[in-house]
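Note sheet for the following structure.
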Amino acid sequence: MKPVLAAAPVAGAALLDDFSLEMTGKDVSRLEEAQGSIPPGTRINITFLAGEDLGMRLAAARAVKRLGFVPVPHISARRLPSRAALEEFLSALAADGTAGNVFVVGGDPARPEGPYEDSLAVLRTGLLQHHGVHHVGISGYPEGHPAIADATLWSALTDKAAAIGAECLGGDVITQFGFDAGPVLTWLEAARARGMHLPVRIGVPGPAGVRRLLGYATRFGVATSASVARKYGFSLTNLMGTTGPDRFLDTLARRYDPERHGTVKVHFYTFGGLRHTAEWIAAFRQQAGERAPAV
């Protein structure tokens, strides 16, 4: 069924060129269902969750490649029990031809399960390049992190970007999602002022139930005041509906200035499902094209 959207803004749709998506190792069948709605060559990030083993992550990366997309396996630094485990994962990805692009994140555990305190420690091992990685994604937090001080976040971001450059790797930043474009644009400008010039993929929640979105927001420390909710297009007093990010994308596009904010793309967190998100994007872009003025 075609998603029901608010008036699709042309400017917002322009940001969706070369968007990326996120899936878990358990979502292979859902990706197969959504395949026809996703442009070939789309980057698909594959999460590194505690309940998924090596075989599941590798199978997901192979499926992404088989279906005509670009697999971007996650590496969770604090979940790695040893250097050997990191080498095993990278070697297996290389053997499958899925090691070219990875996303390195610190991870959720309060204490590292092995030798890697954070994603920078993984970047500095030299193992990524040795196993054929040529592009590395890293995290950004426009609204901060509930367990990490802002000064630490900025230091980590600039240090990781510098490490990527020093190793002659390509890279980008994928941000945590939010409901307010204002803090995202402020953060982008601050990041550029600090010399961080990697492309940034702005994290956006795909269309999903309001209750589910709020649950993820609480988990990740994302602001959800009444005014922010209204800007995004939902009410905190009515949690039964479903909402998409069309208002967010419109605001982001209208206020985006390449000179101040650098290269910006969009990354979708598929809280409402891969197929639902992919169909929403396709409909959003189609409606924007229909509303675009003739040249």
Side-chain angles (χ1 to χ4, degrees), residues 1 3 19-81 85-86 88-109 113-114 119 122 133 137 139 174-177 201 203-220 222 242 244-245 266-282:
M1 183 177 71
F19 66 86
S20 54
L21 297 166
E22 191 149 311
M23 64 177 281
T24 74
K26 300 176 182 177
D27 286 337
V28 171
S29 63
R30 295 179 179 89
L31 182 63
E32 291 171 340
E33 293 173 355
Q35 179 185 8
S37 301
I38 304 173
T42 296
R43 298 171 69 84
I44 310 283
N45 283 44
I46 305 158
T47 57
F48 195 110
L49 301 179
E52 298 172 356
D53 59 20
L54 176 64
M56 186 178 294
R57 297 178 188 120
L58 295 173
R62 288 194 296 268
V64 171
K65 181 181 178 182
R66 171 175 56 82
L67 293 170
F69 309 119
V70 177
V72 185
H74 286 202
I75 299 172
S76 179
R78 290 184 165 220
R79 293 196 185 281
L80 293 167
L86 174 59
E88 181 184 13
F89 187 36
L90 291 170
S91 295
L93 290 173
D96 288 339
T98 57
N101 300 264
V102 300
F103 178 81
V104 184
V105 65
D108 294 333
E113 297 173 11
S119 50
V122 172
V133 174
S139 300
I174 298 179
T175 73
Q176 178 58 274
F177 77 92
R201 291 182 177 271
V204 174
V210 173
R211 189 182 299 276
R212 173 173 287 188
L213 288 176
L214 291 176
Y216 279 106
T218 299
R219 175 181 173 186
F220 295 117
V222 174
T242 296
V266 174
H267 177 77
F268 284 92
Y269 294 94
T270 56
F271 300 139
L274 276 162
R275 183 173 179 177
H276 189 39
T277 299
E279 290 178 346
W280 187 95
I281 296 167

Do you know which two heavy atoms are closest between [X] and [Y], and how far apart they sit?
X    : Y    : result
F19  : P39  : CZ-CD, 3.7 Å
T42  : F69  : O-CB, 3.2 Å
A92  : L58  : CB-CD1, 3.5 Å
A60  : G25  : CB-CA, 3.9 Å
P207 : H276 : O-CD2, 3.5 Å
S76  : G106 : OG-O, 3.8 Å

Taking the side chain as everything from C-beta on, heavy atoms only, tell me whether [X] gets closer than 4.5 Å to [Y].
X    : Y    : result
R57  : P73  : no
M56  : K26  : yes
R30  : T270 : no
T175 : S139 : no
H267 : F177 : no
F48  : V102 : no
I44  : L67  : no
E32  : R66  : yes

(request) Would you check, one step at a time, whether the test side chain to side chain contact (heavy atoms under 4.5 Å, CB included) holds for V266 with I281? (result) CA-CA 11 Å; V266 174; I281 296 167; over 6 Å; no

Can you measure from [atom1] ([X]) to [atom2] ([Y]) and round to the nearest 0.5 angstrom?
X    : Y    : atom1 : atom2 : result
S37  : L274 : OG    : CG    : 10.5 Å
L21  : R43  : CG    : CZ    : 11.5 Å
I38  : R275 : CD1   : CZ    : 10.5 Å
T277 : F271 : OG1   : CZ    : 9.5 Å
E88  : L54  : CD    : CG    : 5.0 Å

(request) Go through the steps for I75 and L90 under the test side chain to side chain contact (heavy atoms under 4.5 Å, CB included), then give the verdict. (result) CA-CA 9 Å; I75 299 172; L90 291 170; 3.9 Å; yes

(request) List in chain and number order the residues that pass side-chain contact (heavy atoms from CB on, under 4.5 Å) with T98, two or more places apart in sequence or in another chain; answer none if no residue qualifies. (result) A61, K65, P71, L93, D96

(message) Going by side-chain contact (heavy atoms from CB on, under 4.5 Å), name the residues that satisfy it together with T47, two or more places apart in sequence or in a different chain.
(response) E22, T24, L49, E52, H74

(request) Scan for ring-ring contact (aromatic ring centres under 6.0 Å, His included) pairs involving residues 22-45, sequence neighbours excluded, and state none if there are none. (result) none

(request) Would you check if the side chain of R78 reaches a backbone N or O of G107 as a donor-acceptor pair within less than 3.5 Å? (result) no

(message) Please determine whether side chain to side chain contact (heavy atoms under 4.5 Å, CB included) holds for the pair L31 and D27, giving the CA-CA distance in whole Å, both sets of side-chain angles, and the decisive distance to 0.1 Å.
(response) CA-CA 6 Å; L31 182 63; D27 286 337; 5.7 Å; no

(request) Carefully, step by step, assess I46 and F103 under the rule side chain to side chain contact (heavy atoms under 4.5 Å, CB included). (result) CA-CA 9 Å; I46 305 158; F103 178 81; over 6 Å; no

